[in-house]
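What follows is a short report on a single structure.
Just so we're clear, the structure is a prediction, and the values are computed from it rather than from any experiment.
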Amino acid sequence: MFAFARVGVTLAALALCALGGATSAGAVVVNAEGVSVGLQPRSTTLFTGEVHKVGPLNDTQPAQFANPAGNAVVPASKIYAVYWDPTDNYHGDWQGLIDGFLQSAGLESGSFANVLSVAAQYTDAANQHAYYHTTFMGAYTDTEPYPTPTCTDPQPLQGKSSPSGEPDVITCLTDQQVRGQLANFITRHTLKTGMETIFYVLTPPGVTVCLSEGGPAGHCSDYEWLSENSYENSFCSYHSYINPDAAPSGDASTVLYAMIPWTAGGYGDGHLGEGDHTPAFDCQDGGYDPSSHPIEKLEKKKEKTAKQEQEIEEKTLEEQQKIRAAEALEGPHEQEPNQPTQGVGPDGTPDSGLADLIINQIAEEQQNTITDPLLNGWQDPAGNEATDECRDFFASASPLGGSVAANENSGAGSLSNQTIGESHYYLNDAFNLSALKLPYPGVPCIPGIRLEPQFTAPTPTNAGEIVGFNGMESDITLNWAVEYSPSEVKPTYAYYTWNFGDGSPEVSGYAPGGPPVNPPTELCELPWRAPCAASVFHSYQYGGAYQVTLTVKDTGGNIASFVRPVTVVGPPSPGAPPTGAPGPGSPGTPAVVGSSPASSTPGAGGNPAVPGPIAAAAAVSSSLKRVARSGLVVHYSVNEQVAGRFEVLLPAAVAHSLKIGGPVATGLPEGSPKSLVIGQALLVTTKGGHSSVRIKFAKRVAKHLRHAHKVTLTLRLKVRNASKSPLFTTVMSTVVLHR
């Protein structure tokens with residue numbers, strides 16, 4: 001077991017934390033000591049004992065979170081990680097975890113499942129979105145020597161004494177020195193700059209970064225223990241920019257960067273002296289217990305009576321150390337989902353998980369940088385940036401993983417609220433401004449987004465009847481935003497498009513709100529934006545089985561479709577069976593792609609054309625995990641007794657990358673990609689009607705599907721009727737599944 005040193009000045013620092021149970025602050029744009037940055041400060045409530053309530057940080061400012069002038073955002077970013085470490089103090093296991101996070105975040109660009117997706121709702125004057133679209137350009141360890149210090153570290157490491165007896169302290173860097181080194185690094189390696197590139201500069205333990213001169217009253221990544229002023233001026237990270245051309249929206253010479261100093265403390269780091277085994281929960285979750293109810297309840301040390309303290313003093317030194325170590329596990333502590341599972345890391349100490357605190361800072365600075373790259377973009381009136389509005393919220397789309405309890409080796413819990421790639425992370429939730437503008441779903445602090453179009457089909461119905469389609473059942477996280485024009489900034493909403501599957505014109509418009517008449521030729525009633533199409537009416541002229549498709553584009557530019565079959569009773573169309581399909585395999589829309597035999601063709605044997613069976617099928621599942629576990633749920637409808645087979649097809653190239661095998665699909669429309677059959681189910685009916693079927697996958701297929709982020713499948717249904725000369729109909733539709 002790793003023995004923690006909680007004596008001397010370390011205990012004094014912890015005593016400060018006990019005053020208020022520090023909360024990690026979000027970012028705020030400041031001009032400190034002549035330097036403008038988007039600062040991620042430590043708590044400002046440490047000494048007041050204040051505890052903010054559930055929800056955004058305050059009641060008014062988040063609602064005013066805005067970008068009135070439409071200043072620049074970053075629609076796509078290429079990310080470099082630069083470890084400035086000529087002393088070889090940035091451990092390889094830390095770098096591996098950080099680089100792995102950046103790589104996985106890049107590979108999962110476009111995912112709805114993590115916090116980085118929430119920023120897409122924020123736009124600029126060109127109506128560019130701060131999309132979750134990142135590319136990890138790699139990492140590099142810069143061994144260029146540190147310059148001569150021009151700042152003062154307010155609390156240098158105590159350090160292990162060197163042979164000369166001096167503490168093993170590294171250096172103090174100013175922001176000006178960081179900028180200079182980064183500019184030289186970019187020039188030496190001929191790296192591309194501009195508004196699409198973000199450089200993360202990381203420094204190891206023992207290197208303090210200050211905005212200027214530092215010292216007890218300065219703004220530094222370290223603070224003087226027992227000094228309220230020094231603590232409140234300290235920070236965990238920051239982002240800024242270099243803009244040599246003073247371009248209002250940045251240009252090819254602009255350098256966007258985030259400074260990520262080592263603010264993860266020293267618990268478990270056997271390379272540090274005992275006095276430097278300090279906590280760092282105030283740069284993560286502030287000691288909050290997310291599993292507690294209410295959520296603002298703090299993990300507090302249990303107060304002891306004078307008698308209990310006296311009993312401890314009478315014990316041996318070894319017994320006292322054990323008691324103090326146990327107490328340390330009860331108090332506020334950080335969460336490290338990537339701490340060593342066997343107790344120690346590759347260097348024999350349990351410090352690997354400290355990188356989780358650095359990863360959380362990177363995730364926050366990424367959101368702040370793409371929404372406020374030039375420090376004049378999306379902020380509230382107090383200068384708070386996106387991550388500030390959801391301070392200390394670590395909610396998860398699924399149950400939190402790990403445990404809040406501190407491990408005796410690392411001194412940290414193992415909670416996680418995000419899964420990105422194959423790894424788990426503990427990342428602060430993102431701020432959803434849409435929730436303050438529309439009441440549903442209405443959750444302001446979220447770990448990711450949802451885009452799930454939904455409506456309940458009015459079936460069966462009769463030809464000529466007017467039936468309603470209510471898209472307001474949909475679960476759309478990003479359903480409000482602003483868009484810019486030369487004359488005004490106005491709200492915009494999610495955009496709905498309805499295809500009724502009968503060849504009639506599509507109906508499109510914004511939600512909420514519905515058109516006063518059908519089709520929506522008149523303006524919507526205020527305050528909704530025209531045209532509206534959240535709910536619509538429609539009437540079918542002929543009987544048959546139709547596919548109704550609702551396609552939604554949210555305010556972050558994401559698109560998803562949902563398909564439901566509708567059965568209409570009445571005389572069939574004199575022409576071909578309506579499908580509503582613009583072409584085989586169109587997203588979300590089924591298509592009849594063939595029928596046989598020749599006797600169904602006009603003129604065959606002198607007989608008139610005989611239509612094949614009318615069939616429709618559409619998957620209702622959207623979750624990869626649920627489908628892998630329980631199967632793909634499909635709604636279908638047929639107009640008569642049929643027998644046939646469902647097939648789930650996956651493009652061969654995708655199947656190969658996921659290591660999924662299966663027979664090659666035959667009989668696909670011309671131009672279709674080679675595909676494999678990865679799932680099947682029989683369909684036999686005794687009459688016409690509609691129902692559902694669940695297509696389950698083999699264990700090996702389900703296992704590999706579960707590891708995918710997003711998969712597009714094709715659902716094929718081939719049926720024949722029960723006549724002596726059976727006729728065949730094949731229906732195909734696209735199924736998009738997300739993790």
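With a 4.5 Å cut-off on side-chain heavy atoms, T171 and T148 do not count as touching. Using a 4.5 Å cut-off on side-chain heavy atoms (C-beta onward), F394 and L427 make no contact. In this structure, the side chains of D351 and D347 come closer than 4.5 Å at one or more pairs of heavy atoms. Side-chain contact between Q379 and D372 is present, with heavy atoms from C-beta onward closer than 4.5 Å. For the pair V37/H239, no side-chain contact is recorded, criterion being any heavy-atom separation below 4.5 Å from C-beta on. No side-chain heavy atom of S423 sits under 4.5 Å from any side-chain heavy atom of F101. Counting heavy atoms from C-beta on, the side chains of T203 and D85 never come closer than 4.5 Å. Taking the side chain as every heavy atom from C-beta outward, V255 and I186 approach each other to under 4.5 Å.
By the ring-ring contact (aromatic ring centres under 6.0 Å, His included) test, F185 is found to be paired with Y140, H189, residues two or more places apart in sequence or in another chain being considered. The side-chain contact (heavy atoms from CB on, under 4.5 Å) test applied to T150 returns T174, Q177, not counting sequence neighbours. Residues passing the salt bridge (Lys or Arg N to Asp or Glu O under 4.0 Å) test with D142 are R188, sequence neighbours excluded. Contacts of P86 classified as side-chain contact (heavy atoms from CB on, under 4.5 Å), with partners at least two apart in sequence or in another chain: W84, Y146. Q366 is linked by a side chain to side chain donor-acceptor pair (under 3.5 Å) to S77, Y200, counting only residues two or more places apart in sequence or in another chain. In this view, D175 and R179 satisfy the salt bridge (Lys or Arg N to Asp or Glu O under 4.0 Å) rule, not counting sequence neighbours. With sequence neighbours excluded, the residues satisfying ring-ring contact (aromatic ring centres under 6.0 Å, His included) with H91 are W94, H271. Applying the side-chain contact (heavy atoms from CB on, under 4.5 Å) rule to D245 yields the partners D251, S253; only residues at least two apart in sequence or on another chain are considered. Legend: residues meeting ring-ring contact (aromatic ring centres under 6.0 Å, His included) with F235, ordered by chain and number and at least two apart, are Y238. Every residue two or more places apart in sequence or in another chain was checked for a side-chain contact (heavy atoms from CB on, under 4.5 Å) with P145, and none qualifies.
Side-chain atoms of Y223 do not come within 3.5 Å of backbone N or O of E228 as any donor-acceptor pair. Side-chain atoms of Q121 come within 3.5 Å of backbone atoms of L433 as a donor-acceptor pair (strictly under, hydrogens ignored). Side chain of Q335 to backbone of S414: a donor-acceptor contact under 3.5 angstrom is found. The backbone N or O of G411 lies less than 3.5 Å from no partner atom in the side chain of N407, so there is not a single donor-acceptor pair. In this structure, Q284 contributes its side chain and A280 its backbone to no donor-acceptor pair below 3.5 Å. With N184 contributing its side chain and G180 its backbone, the two residues share a donor-acceptor pair below 3.5 Å. Proximity of a side-chain donor or acceptor of Q155 to a complementary backbone N or O of W225 within less than 3.5 Å is detected. Formation of a donor-acceptor pair under 3.5 Å by the S237 side chain with backbone atoms of I260 is not found in this model. A donor-acceptor distance shorter than 3.5 angstrom exists from the side chain of Q418 to the backbone of V115, with no hydrogens or angles considered. At least one donor-acceptor pair closer than 3.5 Å links the side chain of D429 to the backbone N or O of A395.
In this structure, CE in M195 is found 9.0 Å from CD in Q128, a value given to the nearest 0.5 Å. The distance from the OG1 atom of T134 to the CD atom of E108 is 10.0 Å, given to the nearest 0.5 Å. Note that the CG atom of D222 and the OG1 atom of T152 stand 12.0 Å from one another [nearest 0.5 Å]. Considering CG of L256 and CD of E196, their distance stands at 8.5 Å, rounded to 0.5 Å. In this structure, the separation between CG on N233 and CZ on R42 is 11.5 Å, given to the nearest 0.5 Å. Here the straight-line distance linking atom CG of N360 with atom CG of N428 works out to 6.0 Å at 0.5 Å rounding.
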Stepwise side-chain contact (heavy atoms from CB on, under 4.5 Å) check, D124 with N71 = CA-CA 5 Å; D124 61 16; N71 290 322; over 6 Å; no
Run the numbers on H424 and N417 for side-chain contact (heavy atoms from CB on, under 4.5 Å), then give the verdict.
-> CA-CA 7 Å; H424 304 291; N417 67 341; over 6 Å; no
Could you give me the CA-CA distance, side-chain angles and deciding distance for C283 and Q361, then say whether side-chain contact (heavy atoms from CB on, under 4.5 Å) is met?
-> CA-CA 8 Å; C283 277; Q361 291 299 311; 4.2 Å; yes
Test Y425 against S416 for side-chain contact (heavy atoms from CB on, under 4.5 Å), laying out the working first.
-> CA-CA 5 Å; Y425 302 101; S416 66; 6.0 Å; no
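Contact record, C151 with S212: CB-O, 3.2 Å, taken as the closest heavy-atom pair. Closest heavy-atom contact between S410 and Q339: OG-OE1, 2.7 Å. Of all heavy-atom pairs between C390 and P444, the closest is SG-O, 3.5 Å. Taking every heavy atom of both residues into account, L375 and S240 meet most closely at CD1-OG, 4.1 Å. The heavy-atom pair separating G345 from S352 by the smallest distance is CA-OG, 3.9 Å. Between G448 and S117, the shortest heavy-atom contact is CA-OG, 3.9 Å.
Using bins of under 30°, 30° to 60° and over 60° for the plane-to-plane angle, the ring pair F199/Y80 lands in the parallel bin.
Applying the ring-ring contact (aromatic ring centres under 6.0 Å, His included) test to pairs two or more places apart or on separate chains, those with a residue in residues 359-384 are F65-W378, Y122-W378. Among residues at least two apart or in separate chains, disulfide bond (SG atoms under 2.5 Å apart) pairs with a member in residues 184-232 are C210-C220.
With hydrogens and angles left out, the side-chain atoms of Y83 and N89 include no donor and acceptor closer than 3.5 Å. Counted by atom type alone, E144 and Q181 present zero donor-acceptor pairs between their side chains at under 3.5 Å.
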